[in-house]
Amino acid sequence: MNQETKEALILSGSSETGGGSFSKVEINGSGKITGDVHCESLECNGSAKVYGNITSEYTVIRGSMNIQGDLTSDKIEVHGNSDVSGQAAFRDMEIKGQVKVDQSLKGDHILLEGMIKVKGDCEVEAADLKGAFTIDGLLNSDRVDIELHGKSKVKEIGGETITVKRSGPSILNLDKFIKTWSKELHAELIEGDTINLEYTKAKVIRGNNVEIGPGCEIELVEYGNDLQVSEKAKVGKSTKLQ
C-alpha cells in the first residue's frame, strides 16, 4: 500500500509502506513501516515493525510492536508486547502487557500492571509499579509506589515518598505470566524523604523517615529523623545523619 493520502493509514493483512504524517494509523495484520510516523492516534492490533520514530497523541498496542527508534506519545497503552530500541517519552503510560525499552523512559505518570525492562533511566512524576520490572539505571520520581508481584531489580531509586510492599492475592491476574516465586526488590541505593520498605534487598537506604519492614536485608541505613526496623528484617548497620 503506498501513501496517497495523509488522512489515515490502515494496514490489513501483510503490508509494507513508508512513513509520513497521518490523522490515524491502524495496523490489523502484519505491518512494516519504514520511516518516521507522525499521527494523532496509532493502534496496533496485529504485528508491526516500524523502522523510524513514532510521534503521536495516543498510542495503543494490543498486539506486538517493534519500534526501531523513539516513541513519543501523550498517552500510551500496552496490552500486548512492545520493544522500543530508542527512548520512550509520554504524559501517561499504562502497561498491562510486556514492554522493553533499550534507552530511557521519561514522562509524567506510569502505571505498570505487567512487566517492563528499561536499560536506561526511568524519570517520571509518579510511578505505580504493580508488576515486575528491571531498570538498569535510576528510577527517579516524586512518588514511587511499588507492589511486588515478582522479582524486580533497579540500580537506584530517588524520590520524595517511596513505598515497597509485597502483593496480596492477585486481582490483576498478573501471576499467570509473572514468576511469583520471588516477590522481592533488589537495589543498590534507595534515597528519599519518607521510605517504607518490605521484602527489599539493598546496599544503602538513605532517608529522613525510614521504615524497614519484614523480608528486608539492608547493608547500611542512613536516616535523618526516624528509623523503625521490623524484627523480621536484617540491617547490617544504621547511622543517624547529623
Side-chain angles (χ1 to χ4, degrees), residues 1-129 131 133-141 177:
M1 176 180 177
N2 55 24
Q3 178 191 334
E4 295 179 351
T5 175
K6 292 186 178 182
E7 297 206 353
L9 174 64
I10 299 176
L11 301 181
S12 300
S14 180
S15 305
E16 294 186 18
T17 187
S21 297
F22 311 94
S23 61
K24 177 175 76 169
V25 174
E26 184 177 320
I27 302 165
N28 296 314
S30 176
K32 177 181 175 182
I33 301 175
T34 302
D36 294 342
V37 175
H38 299 265
C39 58
E40 294 176 12
S41 68
L42 185 147
E43 182 177 341
C44 177
N45 300 309
S47 175
K49 192 158 190 176
V50 178
Y51 293 91
N53 301 318
I54 295 176
T55 303
S56 67
E57 294 181 14
Y58 175 65
T59 301
V60 57
I61 300 169
R62 299 187 182 93
S64 176
M65 192 164 203
N66 186 305
I67 302 167
Q68 295 295 306
D70 298 335
L71 172 60
T72 303
S73 184
D74 285 350
K75 171 74 174 178
I76 302 173
E77 293 182 16
V78 180
H79 302 274
N81 299 293
S82 180
D83 287 355
V84 181
S85 70
Q87 61 184 4
F90 53 89
R91 192 174 299 172
D92 187 70
M93 186 173 195
E94 183 177 309
I95 302 169
K96 295 187 177 181
Q98 300 181 52
V99 172
K100 183 172 72 121
V101 179
D102 287 346
Q103 295 184 26
S104 64
L105 188 145
K106 189 172 184 179
D108 290 349
H109 176 249
I110 182 171
L111 170 62
L112 173 68
E113 294 181 349
M115 292 186 287
I116 189 171
K117 179 175 176 61
V118 181
K119 292 186 178 181
D121 296 335
C122 176
E123 298 184 36
V124 292
E125 297 295 326
D128 291 292
L129 308 178
F133 60 88
T134 300
I135 300 172
D136 292 343
L138 167 69
L139 169 58
N140 187 20
S141 178
F177 63 100

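This is a predicted model, so every value here is computed, not measured. Just so you know, these numbers use all the heavy atoms, side chains as well, and skip hydrogens, waters and symmetry mates.
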To the nearest 0.5 angstrom, please state how far the CD atom of Gln68 sits from the CG atom of Asp102. 8.0 Å
Could you give the distance from CD (Glu26) to SG (Cys44), rounded to the nearest 0.5 Å? 10.0 Å
For residues Asp136 and Lys119, report the shortest heavy-atom separation together with the two atoms involved. CB-O, 3.3 Å
By side-chain hydrogen bond (donor to acceptor under 3.5 Å, both in side chains), Ser141 pairs with (sequence neighbours left out) none
Just how far is it from atom OG of Ser56 to atom CZ of Phe22, taken to the nearest 0.5 Å? 13.0 Å
Any donor and acceptor pair, going by atom type alone, linking the side chain of Asn53 with main-chain N or O of Asp70 inside 3.5 Å? yes
Residues which pass side-chain hydrogen bond (donor to acceptor under 3.5 Å, both in side chains) with Ser104, listed by chain and number, not counting sequence neighbours: Gln87
I need the full list of salt bridge (Lys or Arg N to Asp or Glu O under 4.0 Å) pairs touching residues 31-58, with sequence neighbours left out, sorted by first then second residue. Glu43-Arg62
Rounded to the nearest 0.5 Å, how far does CD1 of Ile95 lie from CG of Asp128? 12.0 Å
Does a donor on one side chain and an acceptor on the other come within less than 3.5 Å for Ser30 and Ser47? no
Which pair of non-hydrogen atoms, one from Cys122 and one from Ile135, has the smallest distance, and what is that distance? CB-CD1, 4.1 Å
Validation row: Glu16, Leu11 side chains within 4.5 angstrom (heavy atoms): no
Scanning both residues in full, the closest heavy-atom pair of Val50 with Gly35 reads CG1-O, 4.1 Å
Which of these passes side-chain contact (heavy atoms from CB on, under 4.5 Å) with His79: Asn45, Val60, Ile61? Val60
Minimum heavy-atom distance between Leu71 and Val84, given as atom pair plus value: N-CG1, 4.2 Å
Kindly give the heavy-atom pair with the smallest separation between Asp108 and Arg91, and that separation in Å. CB-O, 3.0 Å
Taking the side chain as everything from C-beta on, heavy atoms only, tell me whether Leu105 gets closer than 4.5 Å to Ile116. yes
Taking everything shown except Lys117 itself, do over 12 heavy atoms lie less than 6.0 Å from its NZ? yes
From CA spacing to verdict: side-chain contact (heavy atoms from CB on, under 4.5 Å), Met93, Val99: CA-CA 11 Å; Met93 186 173 195; Val99 172; 4.3 Å; yes
Consider side-chain contact (heavy atoms from CB on, under 4.5 Å). Of Ile110, Asp121, Leu129, Val118, which one does Leu139 pass it with? Leu129
Once rounded to the nearest 0.5 Å, what's the spacing between atom CD of Glu94 and atom CD of Glu113? 6.5 Å
Nearest 0.5 Å, please: how far is CG in Asp74 from CZ in Phe90? 11.5 Å
State, yes or no, whether a side-chain contact exists between Thr17 and Ser15 at a heavy-atom distance under 4.5 Å. no
Please report the C-alpha distance between Thr72 and Thr55 in whole Å, then the side-chain angles of each, then the deciding distance to 0.1 Å, and finally whether the side-chain hydrogen bond (donor to acceptor under 3.5 Å, both in side chains) criterion is met. CA-CA 5 Å; Thr72 303; Thr55 303; 4.8 Å; no
For Val78 and Gln98 the tightest heavy-atom approach is CG1-O, 4.1 Å
Any side-chain heavy-atom pair from Ile33 and Ile27 closer than 4.5 angstrom? yes
